Each structure stands twice: as C-alpha cells, then as structure tokens.
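The structure displayed is predicted, hence computed values, not measured ones.
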Amino acid sequence: MSNILSDAMMVEMMAKIQWPTEVKLFQPYEVGQITLADYASCLAVKTFLHMAQVKFSLQLRTNAEHMSPTQSVPFIQVGPLTLSDFGPIVSFVASKGSGLSEHLEEQERADMKAYVAMVTSTLHNAELYVSWLDKETAETVTKERYGSPFPWPLNRVLPWIKQRAVRKSLSSIGWADKTTDQVCEEIRTCCQALSEKLGDQAYFMGDLPTELDALVYGHLFTLITTHLPSLPLSQIVQSFPNLNEYCRRIDEDYFHEMLPDS
Amino acid sequence: MSNMDSENEEFELKIWKGDWGLPSVEYQSLTALAYCKFSSAPVDVIKTNNPWNSRIRGSKETFFRGNLTSGYLPVLSHNGDTANSASDIFDMLRRKGWGADHWLKAKESADVLAFTSLVEEKLLPAALHLWWVEQQTFMNVTLPWYGKALPFPLGTYLPRRTNRDCINRLKHQCGESLSDAMRENLIFKDAKECLNVLSTKLGDNEFFFGTRPTSFDAIVFGILAPLLKAPYPNTVLQTHLNGCFNLCSFTKRILDYYFPLSPEELQEMEKEEELKRPADPDFPHKKRNILLGAVVAISAMVSYAFIAGIIKFEVVNDLSHIPITTTAPNLTQFEEILSQPESEEYEEKK
C-alpha cells in the first residue's frame, strides 16, 4: 500500500516541477577521490544531460555517496526531488519531454533497452570487480582514493566496509568467483557486441544520439583513459577501432577535450 | 581414444525432474534441455534430483557453496568433460560442434548477447522472486516440492539456503537501500516492461531471430514456461504474460513441438488429476449430498405437518368400523337416515 502511495506522490511531484528548471548533479571529487566504477556512472549521466541539452550545475561533495537516496552516485536534485542512477534520471528527463529516444520505432527501442541492460550488467560489474576485487588495483589505487577525504581511522575502515559490500554483492551473481582474466574476457565480449552494433554509424541507433550512446561513452571513455597498474583495460577497448573513434568523436562534440594519447 | 569414438558417444544431461506438464521445473534445466533439442545434439537426459551425486568433482563450486538455482544441476557430461549451469553448457556444446547459433550473422550474435543480458537483468529476478522469495509460494509450493524431490536431510536445508541466496541476489540487482515491498514492486515493474520488450522483439516471428531457434529462445523459454504452467499463488506476472499473446504461443509451441508428453506421462498426469479430484474442495459428493438434503427436507416437512396436526393418524381398535365393502352407499338410505331424527324431533316438539 505504501508503495502505491509513494509512487503516486513521486508522479505528482514530478508533474509539479516546472521544466526547464535548475538541475544540480552531485558527485565525488574527480581528482583524488572518485573510483573507477563511480567515475563511469557519473560520466554517463553527465553525457546524457549534455545530449538532452539539460543545463545542470555540478556539485562536488566528498560525501556524495552517503547523501544519495540509494547510496550510489551520481544523483540529481530537481526542486524537491532527488533521483539517483542512470535509469531513473533518464526516465525523469523523458517524462519532461526532453528524452532522447522519442524518435525511435518500437522495435529499435527494444534493441536499445537490451543494449543498455548489457552495458550496465557487464561493464558496470566489471568495473566494480576491477576496482575492488582485483587485489593490486584495490590495495594500491581504489582503497587509497576512496578513503582519501577521511581522517585516520575512517580512511582505513570505510574502504574496508565498502570492499566487503562490493564482494558480497558481486558474489550473489557469481562474479566474485571469476578470475581477472575471465573479467577481461567479459569486457572484450561486450565490446565485440557493441562494435558489431555500432558498425560505421554515427551513433548506435542511427544519426541521432540516444541514452545508449551516453551510457556506452561513459563506460568506454573511462576504460580507455584509466591506467591501472596491472590490467590492460584500455588496450581491450582500443582493439576495436570504431569504438575508439566513436569515443573520440563524442568527446570532441560534447566535452571539447582531446583524448590523451595512449 | 580416437576422435571418431568420442564424437559417437552420447552427451549425458542431468536435470531436475518435471511437473505440471513441464519437462523440468527449474529454469536452467529447461534452458539447457531446450538448447540440446534446438541443436539436435545426441543427449541422454537423466532426471535426477540428487545434488550430492550430480555435483562436478574437482570443480571450484563445491557442494557447500552451490544452491538449488546454481551449482548442482543441470550438468552436461561427455567423455569426462563436464559443464555446469546453462551458459557453460552452451559453451561446451558449441566447442563440440553442436551449437545452435552458428548460422547467425555477427550483428545478430551481438543482439543475442544484449537481449540475454536484458532478460537476466530484468525478467529473471522476477522469476526467482516468485519461486524462491515470495513467502506464500515458498512455503506452499517450493518447499513441499523440493522436500519431496530431494533426499531426506538435504530437503530440509537446501531450499532455505537457496531462499537466502536469492534474496541477496535480488538485493544486489535492485540496490540494498530499498525496503522489501519496494523491491518487489520494482522487480515486477521491470519484469512487465521486459515482457513488453520481448513481445515487441518477437513480433509475428516463429522464433526471436527468424525461423530457427537460438540460445536466446532457449533462455526465454526456460523462464516463461514455468511462469505459464506452475501454480503460483501470486498471479501478477502470469496475468501480464497471458496478455502477451505471441509470447504465450511461442512458449506453448516449443513445449508442444520439442517436448510432447509421452503416453506414460499423460497417464501419470491423468492419474494425478483423478487422485486430486476427491480432494476437490467444491462439491466432492454431489449426488450423496443432494439425496441427504432431500431426505432431511422431506422428513422435516412431514414431521412439521404431523406435529401441527395437518395429518392425523387415528388408531381404531374396533374392527367393525373398518368398511369392508368398497361399494358406494345407497343415496336413498342416506336420505332416510337424515330424515329420521328430524321427524323424531318434530314429533317430540309436537
């Protein structure tokens, strides 16, 4: 019963919000704090908002994760509403008429949803695995960054708690038992499928960008530009020339930055 | 051993047994079975229900870490090579040249991968929730079924562990911070949306990627068939699925074409139904009850009539009063009798 009530309240609140309005996007600091998986999610949401031409102000907070209603970054604040994660943010923007997939046929939209699910389930889990369960990366990079804003005992305890939570959650879908090589293979298979789907088109669903493009760009750009001590993640993505070119083009179009030569 | 010998040997597939007209009740077993049928691999199917015998020796997934949805069954073995879980079984069959997807174009293979992720992300959680997490189903259907199917000590322990594992898995997929009711809501909402997407994707096609079945058809069939056939108390998703006509007929088509019931199974089903009929709570002894009702009603009416005096029984001892002759009395005699007292009275008054 409370569900129906809270759903109805959400819908009413969404409907009341004047559009366009001020949107605030909260995320952790990018330079010293953010982890691989969070960086990819934040970049995907930012790209989506850019593509949908929604103006937003970036709010950097060291405790963004703990401010979020679902304990995951990024989240946006629109009037009285806070929304986190890619899916809910996309459907909110679409409900305001600024969505990116209105022009698609039903069949194409079905395809798009399938690819969105594939990118989320494969690349997001792979990033979590790489940053928290790959021993060398976790110890030398992730834990240090994650704990950096906190004073002494907390900077040891919080990363440890987070690592345990990630391990538990990945083991529930069988990913914790995978080896690093198997995870790299998953990433390669996913990239292979994306590369086939993209072909030589400008965007995944034709000439116009959709949320799938924002999501794919967020994850692939992160993988390309992150240099981890032990893993050849960027080489995996770069072995697909069309994906590499695609990331470079979106970066130029929406962020006016050049990929660092690697 | 020469290569030719090994190719001639049959695969051996161990699965959970079936019920409710399904070849197996568990989705991975159904998926593996369907894939074997699609690829027409020579498979010897063994319906075993004992995870102790069917676990893979030396595999990382030991007996104490698996649960009833993963780790034990299905198992495909061939020449000492074993594979556990539906996706590993696909891989193994593909390696041995019995793949069902080899005819797909590269782009379609990518679609297969994407849609498989979609189903695993959006639809499978609902199937797991219905079968393993929802309290009513778990207590009334799942526990008794596995209690009967599993050998004694395991039946009391493994289903509960699987219940716990599934809850963890759903928490991972929906986020830890949601309450149970909100999570259930989200799972069913996603699943309905996924069914709509699948229905669009299938359209009027015979199978999802044209006229030939693929591994994706096997996966969808594995999840949809129990949804159509199993007796879930919660019918939210079943109702929605029944609204997607093409998905229903897709599932029924595969069931009828690839898994026709053998005469023995049909007989068994009929026998079961007959056994169930006396336990039918509505009208088990219809004729007897009508008869009893009629008897009670009639006796009540008769006794009321008797007590109220509508019917009287007179006990007459004088045998001479009982008329022996049945001939009607002469009218003239009556007239005489009637006139006599009148005349007497008349005379007395005089």
Side-chain angles (χ1 to χ4, degrees), chain A residues 1-7 10 66 68-72 84-85 87-88 91 105-125 128 165-179 186 189-199 204 212, chain B residues 59-61 65-67 69-71 85 87 105-125 164-186 188-190 193-194 196-203 208 216:
Chain A
M1 192 61 209
S2 65
N3 283 315
I4 300 165
L5 214 64
S6 65
D7 272 7
M10 279 288 262
H66 307 285
S68 159
T70 59
Q71 307 286 302
S72 55
S84 66
D85 295 326
S91 40
E105 302 280 321
E106 223 174 317
Q107 194 83 28
E108 290 175 318
R109 202 170 301 162
D111 281 3
M112 189 193 72
K113 280 183 181 157
Y115 278 90
V116 167
M118 178 178 76
V119 172
T120 326
S121 68
T122 313
L123 292 186
H124 183 68
N125 286 337
L128 279 177
V166 171
R167 173 167 288 135
K168 189 180 160 203
S169 123
L170 285 182
S171 75
S172 73
I173 48 163
W175 272 66
D177 292 333
K178 287 185 198 278
T179 60
E186 293 273 357
T189 319
C190 181
C191 288
Q192 175 80 50
L194 287 174
S195 170
E196 290 293 346
K197 176 76 186 165
L198 182 63
F204 275 96
L212 174 62
Chain B
S59 82
K60 211 179 162 196
E61 193 82 49
R65 285 177 68 189
N67 66 39
T69 57
S70 69
S85 91
S87 57
K105 295 184 199 104
K107 206 161 189 170
E108 289 171 325
S109 299
D111 281 356
V112 166
L113 206 67
F115 276 95
T116 304
S117 310
L118 178 75
V119 166
E120 281 175 0
E121 188 95 334
K122 304 283 183 194
L123 188 58
L124 184 58
R164 208 181 51 215
D165 288 353
C166 282
I167 292 176
N168 280 341
R169 181 181 175 149
L170 296 182
K171 273 186 184 164
H172 163 79
Q173 253 154 354
C174 304
E176 300 270 346
S177 56
L178 292 181
S179 72
D180 287 355
M182 278 165 84
R183 190 164 57 239
E184 188 180 325
N185 220 18
L186 184 70
F188 282 131
K189 197 181 125 226
D190 280 352
E193 214 181 294
C194 182
N196 293 343
V197 170
L198 290 181
S199 180
T200 313
K201 175 76 189 164
L202 181 61
F208 278 94
F216 180 64

Under 4.5 Å heavy-atom distance to chain A, tell me which part of B:Glu193 shows up: side chain, backbone, both or neither.
->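 For B:Glu193, the side chain is the part near chain A, not the backbone.
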Of the options A:Thr189, A:Leu194, A:Leu123, which is the one that meets A:Met118 in a side chain to side chain contact (heavy atoms under 4.5 Å, CB included)?
->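 The single option meeting the side chain to side chain contact (heavy atoms under 4.5 Å, CB included) with A:Met118 is A:Leu194.
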Any idea which of A:Ser171, A:Ser121, A:Ala165, A:Pro69 has the most non-hydrogen atom pairs under 4.5 angstrom with chain B?
->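 Result: the option with the highest number of such pairs is A:Ser121.
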Among A:Ser169, A:Ser195, A:Ala193, residue most engaged with chain B (heavy-atom pairs, under 4.5 Å) =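 That would be A:Ser169.
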Can a salt bridge be assigned to the pair B:Lys105 and A:Glu196 using a cut-off of 4.0 Å between side-chain N and carboxylate O?
->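 Salt bridge absent between B:Lys105 and A:Glu196.
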Short question: side chain of B:Ser117, backbone of B:Leu113 - any donor-acceptor pair under 3.5 Å?
->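 Answer holds: yes.
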Side-chain contact, heavy-atom cut-off 4.5 Å: A:Phe204 with A:Asp111?
->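 Sidechains of A:Asp111 and A:Phe204: no contact.
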Name the region of A:Ser72, side chain, backbone, both or neither, that has any atom closer than 4.5 Å to a heavy atom of chain B.
->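 For A:Ser72, neither part sits under 4.5 Å from chain B.
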